[in-house]
Undergrad: 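Okay, here's the structure, questions in a sec.
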Amino acid sequence: MSQPIPQPPVRVPRWLIWVGSAGIAFHLGAVGVNMVAAQSGPWADNNGRPTSPPLLALRMHEAFGADYLKPIRMDKNYHVLANRLPATPGVYLEFRLKDEQGYDITSVKLPDDNANAWVRHRQSLLLDIFAEDEQKMPPQSEIIAAPGRELPRVQYWEMEKGQLHLRTVDVNQIPRNQPVYGPSEWMFLFARSYARHLCQTHGAAKVEVLRHHQDAIRPYVLDVENVPANAFQEVISNFGEFAP
Amino acid sequence: VKPSRSDKVTAKATPHRPFDPPRAAEAGAGPVPAHRAKAEGGLVRGWVQFWFTPIDPIGLHVIRLLTGLLVVGWLLLTFTGSLDSLLGLQGWVDTRAFGDATRLTEALGLTKSQAPFAPSWSVLYWCSTATQLSIAFWASVAVAVMFTLGVCPRLTSIMTWVIVASFTANPALEYEGDLLLLILSFYLMVGYLLLGQRTPSLGWAHRLFGPLLAWPFGRSSHDAEVEGRPSLAANVALRLVQVHFALVILSSGLHKLQFGDWWAGVALWFPLHPPFKTTLAEALANKPYAETYLSLLNIATYAVLAWQIGFPLFAWRRRWRPVLLGGAIIGWIATALVWGLPLVGPAMLIGCLSFVSPAEWRWVFGRLSRQTQGDARTVARQQESVSLVTAGQR
């Protein structure tokens, strides 16, 4: 490595310092405000809603930061998913590919154990959306459909033969005696998309999608005398069959 | 008129820096030497010194080399063989899913920032066939290799940022490590766009396209003049990387405090005992020494928090370099082996290496150079003695 050529001291023009300072302050200010404007914590406010971000930061971000940061791809607030480690259950998807007669062709697992670490990691990112179901809330009072319209329908999980199956009802029939959970629309969107991809690459007619789910193993297993049987239980949820 | 005592003191040349008497003509709109800014007050002086002191651009070149290597590795290891699946129009997330996501976002009344699926711009959207996508991919790899080697860095740095942004545009596959790669490539682009622009003798072609070859292969007299000259652009680019990384690490550290398991010191238990891979017997194997095990996990968890939250306090201090770089290396090993995250560790280490000063880089390369020369001399001596022995035997 050669030594640098000796140079006379470099003088920085005053205008450059002013312009540069303004640019730096704007850019890093936008990044900093975006970080502060993030939603706080897993805790709720007095009304049970998620705590809202600081209003001033949010307004400043919306006013000038968002439109600047989005095109340069720095619009994330760095409240990364990896920080929520304990809340992340284990999930993998199983796609059972079938021909037109309904016979099994093959089965594909996501993430694929045989893929390299980089690809497997990308596959696991797709599964983030499948980690947590939504609670399906019944309406406060009975809803009556408008003339010529149908009542909104809801899908929730119901245990049947050791697997969770989807039960579709109208909103008035959501059970009120116990909380019920169901998949989000986003889960269906990705499940359908991946199923279409597999049908095309494997020449299958339809795909049955199963989600394997296990809650995070908590450190209390080291303290208690008898570990609850369901602490290591795997739950399978059947999303049904999708055709392209 | 007898000059005041204070004038006499300030007019005395100090042994630490060359004496530069103040000139009235330059005090206004003229150029301001960085060290003159010291006289302008604490905060302003600190700001000007921090951002506007031209430095040896060696640090910028090293960060470029390392980032380039990471981008090339990331492209090849992630997308080779999975290009259509990850980015193709009929891939894991196909065009129909993009349309459905837009409709669903509208139907649910979500803003773009609230939607879990908000696509961004990408030049790869222009590739409508697998062949076009493949050509775009291999062209991107070639550009990233050129950027790594320092070929036309003014152009290849822009293209590399566009490549990184385009290959990370799919929100379904978005990952936090990608953000670090975007930060590095963006500020390197800023640095190389401005590098050497204030060199007086620069021709328009050089000013527009930059040097043909930058460090470590740039050796022409013109490039040497640009490279040897202290650079304001190099300092600004590296300072932007440093401050942005400090914000990211601090923000991530504070975000961890929103979760009880980090406060309880058991957060690292979860990646060490992931669901599906941990059996009851394996978990209970730690039971005989549970207290020691959990205490060690406590220490490790709090060390992570301390490193992240204290990052801005030690990152710029030279004495704390072992803590800065040691923490980054341990973080790399942990994120790769325990979490299975291949990209975030090396990107974080490169970000931490941006804090290393040009003098420290020169020292490192000087040591490496002396060692290489020493090894070469030893080999030459050994070869000489072998040939002498052989000649003697004859």
Side-chain angles (χ1 to χ4, degrees), chain A residues 1 3-5 7 9-15 17 20-21 24 28 31-32 35 40-42 71-74 76-86 89-90 92 116-119 121-122 125-126 129 185-186 189-190 193-194 196-197 200 214-217 219 221-223 227 232 234, chain B residues 29 31-34 48 51-52 54 56 77-78 82 86 90-94 97 100-101 104 116 120 165 172-173 175-176 179 182 186 224 228-230 232 243-244 247-248 251-252 255-256 258-259 261 266-267 269-271 273-276 278 280 283 286-287 290 294 340-342 365 369:
Chain A
M1 183 78 208
Q3 290 298 310
I5 299 164
Q7 296 282 343
V10 177
R11 292 170 187 279
V12 182
R14 191 177 286 268
W15 68 265
I17 291 177
S21 296
I24 291 164
L28 290 177
V31 171
M35 286 175 185
S40 164
I72 61 167
R73 305 289 304 280
M74 289 193 177
K76 299 291 179 264
N77 56 30
Y78 308 108
H79 286 47
V80 297
L81 193 69
N83 290 337
R84 297 174 56 199
L85 296 168
Y92 73 88
N116 77 43
W118 296 66
V119 175
H121 175 239
R122 295 285 155 180
L125 294 171
L126 265 183
I129 209 118
E185 289 296 326
W186 298 101
L189 191 148
F190 288 116
S193 177
Y194 202 83
R196 283 195 293 270
H197 169 69
Q200 200 190 30
Q214 191 183 70
D215 280 335
I217 298 160
V221 295
L222 296 180
D223 293 335
V227 178
F232 288 80
E234 180 179 327
Chain B
V32 180
V48 172
W51 290 104
F52 299 101
D56 177 358
L77 290 167
T78 307
S82 309
L86 286 162
Q90 308 301 325
W92 297 347
V93 185
D94 57 9
D100 289 348
L104 187 58
S120 194
L173 308 171
Y175 158 53
E176 287 107 18
L179 307 176
L182 278 163
F186 181 81
R229 196 179 161 84
L232 183 60
V243 174
H244 204 135
L247 285 171
V248 170
S251 173
S252 176
H255 183 226
K256 286 181 171 67
Q258 297 183 2
F259 303 97
D261 290 300
V266 293
W269 160 276
F270 296 94
H273 302 277
F276 295 125
T278 309
L280 178 60
N286 297 313
K287 200 161 186 172
L294 289 175
L341 303 175
F365 288 120
S369 173

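Each chain gets a letter, A, B and so on, in the order its sequence line appears, and its residues count up from 1. Note that the structure is predicted; figures quoted are calculated from it, not measured.
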Undergrad: Which atom pair, heavy atoms only, marks the closest approach of A:Val119 to B:Ser82?
TA: CG2-OG, 3.6 Å
Undergrad: Please identify, among B:Leu86, B:Leu247, B:Leu104, the residue contributing the most non-hydrogen atom pairs under 4.5 Å to chain A.
TA: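 Maximum pair count with chain A is reached by B:Leu104.
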Undergrad: Using side-chain heavy atoms (C-beta onward) and a distance below 4.5 Å, is A:Pro219 in contact with B:Leu294?
TA: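 SC-SC contact between A:Pro219 and B:Leu294 confirmed.
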Undergrad: Could you work out, with side chain to side chain contact (heavy atoms under 4.5 Å, CB included) as the rule, every residue matching B:Ala165, not counting sequence neighbours?
TA: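 If we apply the side chain to side chain contact (heavy atoms under 4.5 Å, CB included) test to B:Ala165, skipping adjacent residues, the hits are A:Arg73, B:Trp121, B:Leu182.
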Undergrad: Ignoring hydrogens, what is the shortest heavy-atom contact between A:Gln200 and B:Gln90? Give both atom names and the distance.
TA: OE1-CB, 3.1 Å
Undergrad: Below 4.5 Å from any heavy atom of chain A, which atoms of B:Trp92 appear? Answer side chain, backbone, both or neither.
TA: both
Undergrad: For each of A:Ser21, A:Gly32, A:Gly20, A:Gly90, tally heavy-atom pairs with chain B at distances under 4.5 Å, and name the one with the top tally.
TA: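 That would be A:Ser21.
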Undergrad: Under 4.5 Å from any heavy atom of chain B, what part of A:Ile72 do you find: side chain, backbone, both or neither?
TA: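 When you check distances to chain B, atoms from both the backbone and side chain of A:Ile72 fall under 4.5 Å.
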Undergrad: I need the minimum non-hydrogen distance between A:Val12 and B:Phe52, along with the two atoms involved.
TA: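 Where A:Val12 meets B:Phe52 most closely, the heavy atoms are CG2-O, 3.5 Å.
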Undergrad: Has A:Asn116 got a side-chain atom pairing as donor or acceptor with B:Leu77's backbone, closer than 3.5 angstrom?
TA: yes
Undergrad: Working to the nearest 0.5 Å, report the span between CG of B:Asp94 and OH of A:Tyr194.
TA: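 The OH atom of A:Tyr194 is 12.0 Å from CG of B:Asp94, to the nearest 0.5 Å.
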Undergrad: Mind listing the closest non-hydrogen atom pair of B:Lys287 and A:Val221 along with its distance?
TA: NZ-O, 4.1 Å
Undergrad: Please check: side-chain N/O of A:Ser193 versus main-chain N/O of B:Ala97, any donor-acceptor pairing under 3.5 Å?
TA: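 Side chain of A:Ser193 to backbone of B:Ala97: no pair is present.
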Undergrad: Name the orientation class of the two ring planes belonging to B:His255 and A:His79 (parallel below 30°, tilted from 30 to 60°, perpendicular beyond 60°).
TA: tilted
Undergrad: Measuring heavy-atom distances to chain A, does B:Val248 have an atom under 4.5 Å in its side chain, in its backbone, in both, or in neither?
TA: both
Undergrad: Between CG of A:Asn77 and OG of B:Ser252, what distance do you get to the nearest 0.5 Å?
TA: 10.5 Å
Undergrad: Can you tell which part of B:Thr278 gets under 4.5 Å to a heavy atom of chain A, answering side chain, backbone, both or neither?
TA: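 Both backbone and side chain.
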Undergrad: Could you work out, with side chain to side chain contact (heavy atoms under 4.5 Å, CB included) as the rule, every residue matching B:Pro342, not counting sequence neighbours?
TA: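 Scan of B:Pro342 (side chain to side chain contact (heavy atoms under 4.5 Å, CB included), adjacent residues dropped) gives A:Trp118, A:His121.
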Undergrad: Is there a donor-acceptor pair closer than 3.5 Å between any side-chain N or O of B:Trp269 and the backbone N or O of A:Ile217?
TA: yes
Undergrad: When heavy-atom pairs shorter than 4.5 Å are enumerated against chain B, which of A:Lys76, A:Glu234, A:Arg122, A:Glu185 gives the highest number?
TA: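 The candidate making the most pairs under 4.5 Å is A:Arg122.
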